[in-house]
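Chain naming here is simple, since letters A, B, ... match the order of the sequence lines and numbering starts at 1 in each.
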Amino acid sequence: MSKTINARSPKGFRDFLPETMMRRNYVMETITDVFHRFGFEPLGTPILELRETLLGKYGEDAEKLIFSAQHGRSSKDPLAMRYDLTVPLARVVAQHESELSFPFKRYHIAPVFRGERPQRGRYREFYQCDADIVGVAGIAADAEIVTMTQRILERLNFPQFTIKINHRKLLTAIGEFSGLPDAQLPDLYRSVDKFDKIGADGVRQELIERQIQPEAVSRMMELLQAYEPGSGNLDFIAEALGEGDNGLDDLRGLANVLSDAGLPATCYDFDFTMARGLGYYTGPIFETVISQPNLGSITGGGRYDELVGMFRKQSLPTTGISFGIERIINLMDELDLYPAHLGGTLVQALVTVFSRETSTASMKVANQLRDAGINTELYFEPRKLGRQFSYADKKGIPIVAIAGPDEIEAGLVKLRRLSDGEERRSPMSDLASAVADMLGAH
RNA sequence: GUGGAUGUAGCUCAACGGCAGAGCGCCUGAUUGUGGUUCAGGUGGUUGAGGGUUCAAGUCCCUUCAUCCACCCCA
């Protein structure tokens, strides 16, 4: 016997066993269904991209996080594993422009790779779930993104969530209003974005530590904390900032469309402390948080009108959303938001095998159920019935079908529902509907 | 990249420097046509790896690997 290989996965990479995988699929299928409902269509791109495609925009910081993927013999065309789905989208739009019709509405659910040190909820391979609209400059597109976000979270049964809305230009305007030099704007975004985490005092302290003038900090904090639900918020800040290219028109327009669309006022909010990191955003930005209890953010997105310009002389206006699907799945596990029919198995019926002599009859029963659309497992060898029941019970299969000598003789199949022990005898001709009935009445 | 914690049976964890254990799981039987509950028996280990101290190391020391947590970063 040769020495065995240690069974382990690379750091930050995971296996998903069937029970987990079925929950993941449910979440992705539910989201996909709503994407379709809004007219978004799927896009697929390679896991590998040319290294230059990925590095163009983000430079050194990205370099450390990117997995290279080199073919053993080739030194041409350095390759790397994609670390998001947005850059590939921008590339596809530029590369296949003539084959697409605009507005181009696509969604993409697929794994991406980052060489980060793994931590809770952070892996080196994880799924991203994006929906974007390319080719529409107006806020109608942004509004559709927000509306769809609300529909999706509703469909997933989240009892409470808030879609925070802000505007990149407004953040800049607030910084300038406070007398902040342009060079310090990124510091501003970074600190302000931690508002939920470290509070107003924490942000103030961090801004001061970042060498920002105390006066500027005070003026800014006053504006940022101006908080009233609804559009009163917008009025207050408009008065302070005056007119200008500060994004307030966009936000007002968004507020109107969302209101007209009938979105519950409790599910979105204009929040000037939300910053979405550094990024490529140029217009309205969105982030959904679960705040009761405070469980952090589950979506992030916004308008990024310049990104396609990475690959094309003239850019195309783009807005979109990314669902933090790993985090959503975590929260759904914790909050137990899955529908009851998602059990430990998708098998609906187990057909037992009594003996060698009756195994053909059992197989016919199983195939009849399968043909009728019932997920059916046929036990593989004749063993004690108790063993076969025990297997069904352990796996969570709701119905056990028995075709023993007595039943075969009478042209019947005995059905037993494990949850309550209910038993019926059904003629072969009526089998599928009897099983469906027992499943339904469950 | 920085700091902290933890590695013992398939899983969750015990064991003062002195015979490596428990619960759960798994297997067999009680029960040869019926699961869960119960009872009886059984299977289970290079104590992450390597070195050192000691009469004696799961335990103490050093190295290393892995995992988790908090930072940094988050496109």
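A distance of about 16 Å separates the C1' atoms of U47(B) and A22(B), rounded to the whole Å. With P as the reference atom, A14(B) and C60(B) are 14 Å apart, rounded to whole Å. For A30(B) and C69(B), the P atoms lie 47 Å apart once the distance is rounded to whole Å. Look at the C1' atom in both A20(B) and G45(B): the space between them is 8 Å, to the nearest Å. Distance check on atom C1': A57(B) versus G18(B) gives 10 Å, rounded to whole Å. Here, C24(B) and U64(B) have their C1' atoms 33 Å apart, quoted to the whole Å. For the C1' atoms, the distance linking U2(B) with A75(B) amounts to 23 Å, nearest Å. Comparing U54(B) with U12(B), their P atoms sit 37 Å apart, to the nearest whole Å.
For Lys384(A), whose side chain is taken as the heavy atoms from C-beta onward, the closest listed nucleotide among A75(B), U32(B), G33(B) is U32(B). With G33(B), U67(B), G3(B) as the choices, the nucleotide that has an atom nearest any side-chain atom of Arg117(A) turns out to be G3(B). Comparing A75(B), G33(B), U28(B) by their nearest atom to the side chain of Arg383(A) picks out U28(B). The side chain of Lys394(A) approaches C26(B) more closely than any other nucleotide in the set C74(B), U32(B), C26(B). Nearest to the side chain of Lys194(A), among C68(B), G29(B), C73(B), sits C73(B).
Look at OH on Tyr391(A): it is 13 Å from P on C26(B), rounded to the nearest Å. In this entry the distance linking CZ of Arg425(A) with C1' of G33(B) reads 11 Å, nearest Å. Tyr281(A) places its OH atom 11 Å from the C1' atom of C74(B), with the value rounded to the nearest Å. What separates CG of Asp130(A) from P of A75(B) is a distance of 12 Å, to the nearest Å. Rounded to whole angstrom, the span from the OH atom of Tyr379(A) across to the P atom of G35(B) amounts to 13 Å. In this structure, CG of Leu385(A) is placed 5 Å from C1' of G33(B), rounded to the nearest angstrom. Between Tyr123(A) atom OH and U67(B) atom P there is a gap of 13 Å when expressed in whole angstrom units. Atoms CD (Glu116(A)) and P (A70(B)) sit 14 Å apart, rounded to a whole Å.
No side-chain donor from either of Asp393(A) and Ser390(A) sits under 3.5 Å from a side-chain acceptor of the other. At a cut-off of 3.5 Å, with distance as the only test, no side-chain donor of Glu49(A) or Tyr83(A) sits close to an acceptor on the other residue.
Between Ala403(A) and Arg387(A), it is Arg387(A) whose nearest contact on RNA chain B lies nearer the 5' terminus. Mapping Lys11(A) and Ile402(A) onto RNA chain B via the closest heavy atom, the residue that lands nearer the 5' end is Ile402(A).
Pairing for U59(B) is absent, with no Watson-Crick or G-U wobble pair whose two atom distances lie under 3.5 Å. Pairing for G17(B) is absent, with no Watson-Crick or G-U wobble pair whose two atom distances lie under 3.5 Å. Across all strands shown, U47(B) remains unpaired; no Watson-Crick or G-U wobble contact has both distances below 3.5 Å. When Watson-Crick and G-U wobble pairs are counted only if both distances are under 3.5 Å, G29(B) pairs with C39(B). Using Watson-Crick or G-U wobble geometry with both donor-acceptor distances under 3.5 Å, U67(B) finds its partner in A5(B). Base pairing annotation: A22(B) forms a Watson-Crick or G-U wobble pair with U12(B), both donor-acceptor distances under 3.5 Å. Nucleotide U54(B) is matched to nothing when pairs are restricted to Watson-Crick or G-U wobble geometry with both distances under 3.5 angstrom.
Taking the ring axis of Phe67(A) as reference, the NZ or CZ atom of Arg124(A) does not stay both within 45° of it and closer than 6.0 Å to the ring centre. Annotation: cation-pi pair Arg303(A)/Tyr281(A) absent, no NZ/CZ under 6.0 Å from the ring centroid and within 45° of its normal.
Salt-bridge annotation for Glu206(A) and Lys194(A): present, with a side-chain N of the basic residue lying under 4.0 Å from a carboxylate O of the acidic one.
By the 4.5 Å heavy-atom criterion applied to side chains, Ile285(A) and Met274(A) are counted as neighbours.
Heavy atoms of Arg82(A) sit nowhere under 4.0 angstrom from any nucleic acid atom. Within the 4.0 angstrom heavy-atom criterion, no nucleotide atom of any strand lies near Gln388(A). Counting any heavy atom pair closer than 4.0 Å across all strands shown, Glu407(A) reaches a base atom.
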As a quick check of understanding, evaluate ring pair (Phe, Tyr, Trp, His ring centres under 6.0 Å) for Tyr304(A) and Tyr280(A), giving each step before the final call. CA-CA 6 Å; Tyr304(A) 49 103; Tyr280(A) 37 57; 5.0 Å; yes
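Here Tyr83(A) counts as stacked on A75(B): its ring centre is under 5.5 angstrom from the base ring centre and the planes meet at under 30°.
You'll find a donor-acceptor pair under 3.5 Å spanning the side chain of Arg122(A) and the base of C74(B), going by distance alone.
Glu99(A) CD: more than 12 foreign heavy atoms inside a 6.0 Å radius. Environment of NZ in Lys364(A): sparse, with no more than 12 heavy atoms of neighbouring residues, nucleotides or ligands closer than 6.0 Å.
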Are there any protein N/O atoms within less than 3.5 Å of an N/O atom in nucleotides 36-43 of chain B, and if so, which ones and at what distance?
from   : atom 1 : to        : atom 2 : distance (Å)
G36(B) : O4'    : Asp393(A) : OD2    : 3.2

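Considering all non-hydrogen atoms of both residues, Ile402(A) and Thr352(A) come closest at CA-OG1, 3.4 Å.
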